[in-house]
Colleague: 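My questions will all concern the structure given below.
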Amino acid sequence: MNQIPASVRPQTVAIREEVRAFLHSTRWIDELEVPFKRQYHHYSKHTGAHCSGRTGTKMDLTPSEATEVLRKAEFSEKAAANTVPSLWAFKDGKIYRFMRDATESWHGYPTVEAPPTEVLRKWRSSGVITKAAYMKLLQLPQRAK
């Protein structure tokens, strides 16, 4: 928090409080425990030629494929304490990040950012990734903490 400018600190604290409240909400807990309740929303922001970089990265899955991947995605409670709650999935050698939106559904996109270590451990223990892939993913830059 020391690196955040003083003028932004109250906003950051308010956002963290909102995240904490969301993480303790019945709907969020229900969706974590019952993944088939997770609803994917295909945003135009993640489709088409205008997509590039971290903002608006093109989703390369169809809406039905994305829903299937979302419902297998993992969550890191530790990481959610410091950032926007995300669900992370791995399919065909790619990492996908899903984020909750204002419509109470999820949008997602492929990313080169590695998920939190807790998620990587879950993938490794459940056989989603190999030990070699686990070690490689630990070395990726821009890892979510």
Side-chain angles (χ1 to χ4, degrees), residues 1 3-4 8-9 11-145:
M1 190 129 174
Q3 297 175 349
I4 300 172
V8 178
R9 284 185 194 147
Q11 295 169 7
T12 303
V13 170
I15 290 168
R16 285 186 180 155
E17 290 303 317
E18 286 179 32
V19 167
R20 282 189 192 100
F22 173 70
L23 291 175
H24 291 94
S25 71
T26 304
R27 182 166 177 114
W28 171 250
I29 293 167
D30 194 36
E31 288 186 18
L32 286 179
E33 293 175 356
V34 188
F36 77 85
K37 291 186 176 184
R38 300 175 189 165
Q39 298 298 315
Y40 175 74
H41 180 76
H42 198 69
Y43 274 132
S44 60
K45 169 182 166 179
H46 296 292
T47 60
H50 65 281
C51 299
S52 63
R54 281 184 74 179
T55 304
T57 300
K58 185 175 182 178
M59 174 52 104
D60 59 353
L61 301 174
T62 65
S64 61
E65 289 173 321
T67 298
E68 181 182 327
V69 171
L70 168 63
R71 290 178 177 171
K72 294 177 182 175
E74 295 286 351
F75 170 70
S76 170
E77 190 171 340
K78 291 177 188 173
N82 297 313
T83 187
V84 176
S86 300
L87 295 175
W88 298 85
F90 192 81
K91 178 179 171 58
D92 298 332
K94 292 183 182 177
I95 299 167
Y96 293 88
R97 184 175 189 176
F98 294 90
M99 302 171 90
R100 185 90 167 164
D101 60 40
T103 65
E104 294 192 4
S105 59
W106 298 86
H107 74 280
Y109 50 89
T111 182
V112 296
E113 178 184 14
T117 303
E118 181 181 357
V119 169
L120 293 175
R121 287 182 184 138
K122 288 178 185 179
W123 289 350
R124 176 66 188 114
S125 68
S126 65
V128 172
I129 58 174
T130 64
K131 183 178 180 180
Y134 173 80
M135 298 307 289
K136 184 177 178 181
L137 291 171
L138 284 174
Q139 303 307 312
L140 283 177
Q142 301 178 351
R143 277 191 42 237
K145 303 283 183 209

Colleague: What's the shortest heavy-atom distance between Pro110 and Thr57, and which atoms?
Modeller: O-CG2, 3.5 Å

Colleague: Taking side chain to side chain contact (heavy atoms under 4.5 Å, CB included) as the definition, give me every residue that meets it alongside Glu65, ordered by chain and number, with sequence neighbours left out.
Modeller: Leu61, Thr62

Colleague: Can you sort out the partners of Thr67 under side chain to side chain contact (heavy atoms under 4.5 Å, CB included), two or more places apart, ordered by chain and number?
Modeller: Tyr40, Arg71

Colleague: If you round to the nearest 0.5 Å, how far is OH of Tyr134 from CD of Gln139?
Modeller: 10.5 Å

Colleague: Do Phe90 and Lys72 come close enough that some side-chain heavy atom pair is under 4.5 Å?
Modeller: no

Colleague: Restricting to non-hydrogen atoms, name the atom on Ile129 and the atom on Leu137 that form the minimum distance, rounded to 0.1 Å.
Modeller: CD1-CD1, 4.0 Å

Colleague: Taking C-beta and beyond as the side chain, do Leu140 and Val112 meet within less than 4.5 Å on heavy atoms?
Modeller: no

Colleague: Looking only at heavy atoms, which two atoms of Gly108 and Phe98 are closest? And how far apart?
Modeller: CA-CD2, 3.6 Å

Colleague: What are the two closest heavy atoms between Ser86 and Phe75, and how far apart are they?
Modeller: O-CD1, 3.5 Å

Colleague: State which residues pass side chain to side chain contact (heavy atoms under 4.5 Å, CB included) with Ser126; sequence neighbours excluded, sorted by chain then number.
Modeller: Val128

Colleague: To the nearest 0.5 Å, what is the distance between CH2 (Trp106) and CE (Met99)?
Modeller: 9.0 Å

Colleague: Identify the two heavy atoms, one from Glu118 and one from Ser76, that lie closest to each other, and give their separation to 0.1 Å.
Modeller: OE1-OG, 2.8 Å

Colleague: Lys136: which residues meet the salt bridge (Lys or Arg N to Asp or Glu O under 4.0 Å) condition with it, sequence neighbours left out?
Modeller: none

Colleague: Return the set of residues passing side chain to side chain contact (heavy atoms under 4.5 Å, CB included) with Lys94 (not counting sequence neighbours), or none when no residue passes.
Modeller: Asp60, Tyr96

Colleague: So, for Val69 and Ala89, which heavy atoms are closest and what is the spacing to 0.1 Å?
Modeller: CG1-CB, 3.2 Å

Colleague: Atom CG in Leu70, atom NE2 in His107: separation rounded to 0.5 Å?
Modeller: 11.5 Å

Colleague: Would you mind telling me which of Arg97, Glu74, Arg38 makes a side-chain contact (heavy atoms from CB on, under 4.5 Å) with Leu87?
Modeller: Arg38

